[in-house]
Amino acid sequence: MDDLTQLDISGRIEPDGIEDNTRTAAMADEEPVDQKRFLEESCKPKCVRPLLEYQACIKRIQGDDSGQKHCTGQYFDYWYCVDKCVAPKLFPKLK
């Protein structure tokens, strides 16, 4: 071994004498990754039908100048489908 590397008590080789706990602290300073967004992207293909209904509604009301028509129900139906798919996968990953 060269003088820039030392062997710690656990047998791991640490460069420049850096202890493992400083690396853990450095990792703790990093921004956590939002698992929900990743899971939402993986669940969206399973919710094609509500998405198509929402898109059809948007197309149907594009010419409405009165502001009375909306697609809120279809929007929430789509996100309900996505959330229902995400929830069982997300909660086991939360700390």
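Numbers here are sequence positions counted from 1.
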- Looking only at heavy atoms, what is the nearest atom pair of Ile61 and Cys71, with distance? CD1-SG, 3.6 Å

- Are Tyr78 and Phe76 joined in one hydrophobic group, where the rule is that I, L, V, M, F, W and Y side chains link up if heavy atoms are under 4.5 Å apart? yes

- Would you give the length of the straight line joining atom CH2 of Trp79 to atom CG of Leu51, rounded to the nearest 0.5 angstrom? 9.5 Å

- In short, Ala87 meets Pro92 closest at the heavy-atom pair O-CD, 4.5 Å

- What pair of heavy atoms forms the shortest contact from His70 to Cys57, and how long is it? O-SG, 3.8 Å

- Item | Same apolar cluster (I L V M F W Y, side chains within < 4.5 Å links), Phe91/Val82 | yes

- Which residue pairs satisfy the salt bridge (charged side-chain N to carboxylate O under 4.0 Å, His left out) criterion with at least one member in residues 40-52, sequence neighbours excluded? Lys36-Glu40, Glu41-Lys44, Arg49-Glu53

- For the student: nearest non-hydrogen atoms of Pro45 and Ser42, plus distance: CD-O, 3.5 Å

- If you measure SG to SG, does Cys85 sit under 2.5 Å from Cys43? yes

- Task: Is it possible for you to say whether Val48 and Tyr54 belong to one hydrophobic cluster, with membership spreading through side-chain heavy-atom contacts below 4.5 Å?
- Result: no

- Residue pairs passing the salt bridge (charged side-chain N to carboxylate O under 4.0 Å, His left out) test with at least one member in residues 64-89, sequence neighbours excluded, are none

- Query: Among the clusters formed by ILVMFWY side chains lying less than 4.5 Å apart, do Tyr80 and Tyr75 turn up in the same one?
  - Reply: no

